[in-house]
*Asks:* 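My questions will all concern the structure given below.
The structure presented is a predicted model; accordingly, all values stated were derived computationally and were not measured. Note that ligands are numbered from 1 as they come in the structure, with each ligand's atoms numbered from 1 the same way.
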Amino acid sequence: MNITQTERPVTLIIGSSGQLGSEIAAAILNEYPGKTLVCCDLHTDSTPDGAEFETLDVLDKSSLEAIIKRHQVREIYHLAALLSVKGEQNPLFAWRLNMEGLLNVLDLAVRHKVGRVFWPSSIAAFGPGTPRDWVPQLPVMDPRTVYGISKLSGELWCQYYFQRYGLDVRSLRYPGIISWRTPPGGGTTDYAVEIFHEALRCGSYTSFLQAHTRLPMMYIDDAVRATLELMQADAARISVRTSYNVTAMSFTPMELAEVIKLHLYDFRIDYREDFRQVIADTWPAVIDDQVARTDWGWNHHYDLPALVSEMLTNLATTRSSS
Ligand code: AKB
């Protein structure tokens, strides 16, 4: 059967060159071959085979509108944002990109009847007033970074668009995401990716977080699967329209190093904290994601030993073939 483009559900990924966008694009093409995928970013090094690429700055609302109209987009993953560290380096621009970008997407999604929108929140939406351990779905939230403030505000905007306009917008509060294909883009949890690259490159790593700083984390495959499962879930099962707590594990730099040493016996870690420690100290250590597990069946597959083994194996293979 010859399916024309207009008969297919068209998915748009904004921020498709980033750590999450590139992996979600690949997963959508792999798992839903019938979907037409349009990838957007400021630039691209590689667009997956089978997807179209459009250059887009999400702050340029008329260009975004033209893309939505031209492709008859029915689903959007809006992943373009400045993360916690880059956000602190340029707070006003971070606020503008993170908030205006989201509002452009929400407004155009309503105007052009886009069926479903995904937008990521983060553990950065929590703050020092949030319980450090077993953070419930609806705790005190008093973020101290501009990134965190934009995430908390964005969550409320998503809920507002759902309640006021019926827009089916869905969201996850991602923990630190650990991936090997694409680097993360300027966050506080980036140490947990850098450590693997340095372990294989030179056998040692200097952590910018203290040895005992415990943060929630997730392997990229779980993060992508959580995102696609949330987007596939029956709308009746989505009870949270701000953003869902999701997690897979929590560890400290020292605990991560201990597991790496089981593979690389001579690996050494030392600690020289910098300004990123102050950010990490405002974030929780352990998240309770029971609501996501009950509502739409979230379940992580990777724990700390599995994560370390995947990261080292995949990065070692990539290094030896390059
Ligand atoms: C960051 O560290 O800024 C991000 C996040 C936890 O959202 N990885």
*Asks:* Should you measure from each heavy atom of Ile123, which atoms of ligand 1 turn up under 4.0 Å away?
*Replies:* 6 (C)
*Asks:* Which class fits the ring pair Tyr191 and Phe251: parallel under 30°, tilted 30 to 60°, perpendicular over 60°?
*Replies:* perpendicular
*Asks:* Check whether Val169 and Tyr165 end up in the same hydrophobic cluster, where Ile, Leu, Val, Met, Phe, Trp and Tyr are linked by side-chain heavy atoms less than 4.5 Å apart.
*Replies:* yes
*Asks:* Is the Lys NZ or Arg CZ of Arg276 less than 6.0 Å from the centre of Phe208's six-membered ring, within 45° of the axis?
*Replies:* yes
*Asks:* Look only at interatomic distance and state if Asp190 has a nitrogen or oxygen under 3.5 Å from any nitrogen or oxygen of ligand 1.
*Replies:* no
*Asks:* Leu103 and Leu167: same hydrophobic cluster, using ILVMFWY side-chain contacts below 4.5 Å?
*Replies:* yes
*Asks:* Just which atoms of ligand 1 are under 4.0 Å from any heavy atom in Leu83?
*Replies:* 3 (O)
*Asks:* Identify the closest protein heavy atom to atom 3 (O) of ligand 1: which residue and atom is it, and at what distance?
*Replies:* Ser84 OG, 2.5 Å
*Asks:* Taking atom types as modelled, is there a side-chain donor on Tyr244 or Asp295 under 3.5 Å from an acceptor on the other?
*Replies:* yes
*Asks:* Who's closest to atom 5 (C) of ligand 1 heavy-atom-wise, of Ser122, Gly186, Ala280?
*Replies:* Ser122
*Asks:* Who's the nearest protein heavy-atom neighbour of atom 8 (N) of ligand 1, and how far?
*Replies:* Thr189 OG1, 2.9 Å
*Asks:* Stepwise, does the side-chain hydrogen bond (donor to acceptor under 3.5 Å, both in side chains) test hold for Trp119 with Tyr161?
*Replies:* CA-CA 12 Å; Trp119 172 81; Tyr161 266 77; over 6 Å; no
*Asks:* Check the angle between the aromatic planes of Trp298 and Trp296 and answer parallel, tilted or perpendicular using the 30° and 60° thresholds.
*Replies:* tilted
*Asks:* Taking only heavy atoms of Trp283 into account, list the atoms of ligand 1 that are under 4.0 Å away from them.
*Replies:* 1 (C), 2 (O), 3 (O), 6 (C)
*Asks:* Give me the residue, atom name and distance of the protein heavy atom closest to atom 2 (O) of ligand 1.
*Replies:* Thr188 N, 2.7 Å
*Asks:* Report yes if Tyr174 has an N/O atom closer than 3.5 Å to an N/O atom of ligand 1; otherwise report no.
*Replies:* no
